[in-house]
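Only one structure is covered here, and it is reproduced in the block below.
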Amino acid sequence: MRDEQIHEAIAILNEAVKAWVSPAVTIVATQGHDPFKVLVSCILSLRTRDQTTAEASSRLFALADTPQKMAHLTVAEIEQAIYPVGFYRVKAEQIHAISQSLCDLYQGAVPEDLETLLTFKGVGRKTANLVVTLGFGKPGICVDIHVHRICNRWGYVKTNTPEQTEFALRKKLPDQYWIIINDLLVTFGQNQCTPVSPRCSTCPLYQLCDRVGVSKSR
DNA sequence: AAAACGGGGGC
DNA sequence: GCCCCAGTTTT
């Protein structure tokens with residue numbers, strides 16, 4: 001895909017996602033934009049399906065929906081609430097530790113800047129950028145495995161890691177798409193441009209896509 | 001029964 | 001760079 005074709009690709013994607021029910025970022029649809037909830041839900045979502053994440057978030061936030069309340073729960077209580085999300089033990093410890101840090105060091109508020117967010121254990125670039133964009137409505141590029149895979153399949157970027165994709169997109173992608181790119185591509189990635197056997201024969205972006213590294217498709 | 005799965009930390 | 005973390009869904 002050539003650089004100037006990104007506008008056309010995004011326009012096609014905007015139409016295509018209307019056909020799919022599940023919102024890409026279930027977090028916001030079910031839990032709202034509160035930065036603390038976005039942060040916690042995003043941690044819960046790692047290697048875990050949307051619906052499982054949403055249900056676990058609801059159970060946890062019923063017990064504690066602020067850093068103050070969360071810090072007063074025990075790790076065991078958090079574990080019990082979030083089971084069966086993947087890696088529930090590590091996640092429970094991370095959520096507890098982050099909540100305590102927020103109370104002790106940041107007056108119980110979630111920091112708004114990327115660099116501070118990245119200092120927390122359990123918060124990497126994907127999570128931090130999601131908090132910045134969804135939680136605070138500020139520009140950011142949240143690159144998960146779908147964004148990384150699809151941008152490389154298109155041939156729009158040529159990178160080896162999601163972090164490299166984030167930096168490449170930050171340079172190339174027009175500002176107006178920064179916040180929506182994750183939402184669009186996650187939905188597209190779940191329904192059409194799947195990791196294994198993508199549905200190329202029915203893809204609305206077939207002509208724009210280089211299909212880099214696609215061996216099997218349907 | 002395998003493979004696949006919406007990252008991140010520790011080393 | 002490599003290995004670990006876990007339960008669920010898809011093939």
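Residue numbering restarts at 1 for every chain, and letters A, B, ... go by the order of the sequence lines.
The nucleotide whose nearest atom lies closest to any side-chain atom of A/Val90 is, among C/dT8, C/dA6, B/dG8, C/dA6. Between B/dG7, C/dG7, C/dA6, one nucleotide has an atom nearer to the side chain of A/Arg89 than all others, and that is C/dA6. Distance from the side chain of A/Asp144 is smallest to B/dG7 among B/dG7, B/dC5, C/dT8.
Between A/Glu166 and A/Arg170, at least one side-chain N (NZ, or NE/NH1/NH2) sits under 4.0 Å from a carboxylate O, which counts as a salt bridge.
Here C/dT8 presents its C1' atom at 15 Å from CD of A/Gln190, a figure rounded to the nearest Å. Note: CD1 (A/Ile82) to P (C/dA6) measures 10 Å, nearest angstrom. For A/Lys216 and C/dT10, the NZ to C1' distance is 12 Å, given to the nearest whole Å. Atom-to-atom, CZ of A/Arg47 to P of C/dT9 comes out at 16 Å; the value is rounded to the nearest Å. Atom CD in A/Glu163 sits about 13 Å away from atom C1' in B/dG7, given to the nearest Å. Separating the CG atom of A/Asn191 from the P atom of C/dT10 is a distance of 12 Å, rounded to the nearest angstrom.
A tilted orientation is assigned to the rings of A/Phe36 and A/Phe61, their planes being inclined by 30° to 60°.
Shown are A/Thr133, A/Asp144, A/Thr187; of these, the side-chain hydrogen bond (donor to acceptor under 3.5 Å, both in side chains) with A/Asn182 is made only by A/Asp144.
If you check every strand for non-hydrogen atoms under 4.0 Å, A/Pro195 touches sugar and phosphate atoms only. At a threshold of 4.0 angstrom between heavy atoms, the contacts of A/Thr127 are confined to the sugar-phosphate backbone, with no base atom among them. Counting non-hydrogen atoms under 4.0 angstrom, A/Val123 reaches the backbone sugars and phosphates but no base. Across all strands shown, A/Phe120 has heavy atoms under 4.0 Å from sugar-phosphate atoms exclusively, and none from any base.
In this structure, the separation between NZ on A/Lys138 and CG on A/Asn129 is 11.0 Å, given to the nearest 0.5 Å.
When the P atom is compared between B/dG10 and C/dA6, the two are found 14 Å apart, to the nearest whole Å.
Both A/Lys121 and A/Arg49 sit near DNA chain B, but only A/Arg49 has its closest nucleotide nearer the 5' end. Position along DNA chain C of the nearest nucleotide to A/Val85 versus A/Arg218 favours A/Val85 as the more 5'-ward residue.
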TODO: Under the salt bridge (Lys or Arg N to Asp or Glu O under 4.0 Å) rule, what do A/Asp3 and A/Lys172 come out as? Steps first, then yes or no, please.
DONE: CA-CA 8 Å; A/Asp3 284 4; A/Lys172 290 165 59 98; 2.6 Å; yes
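Between A/Thr48 and B/dC5 there is no side-chain N or O to OP1 or OP2 distance below 4.0 Å.
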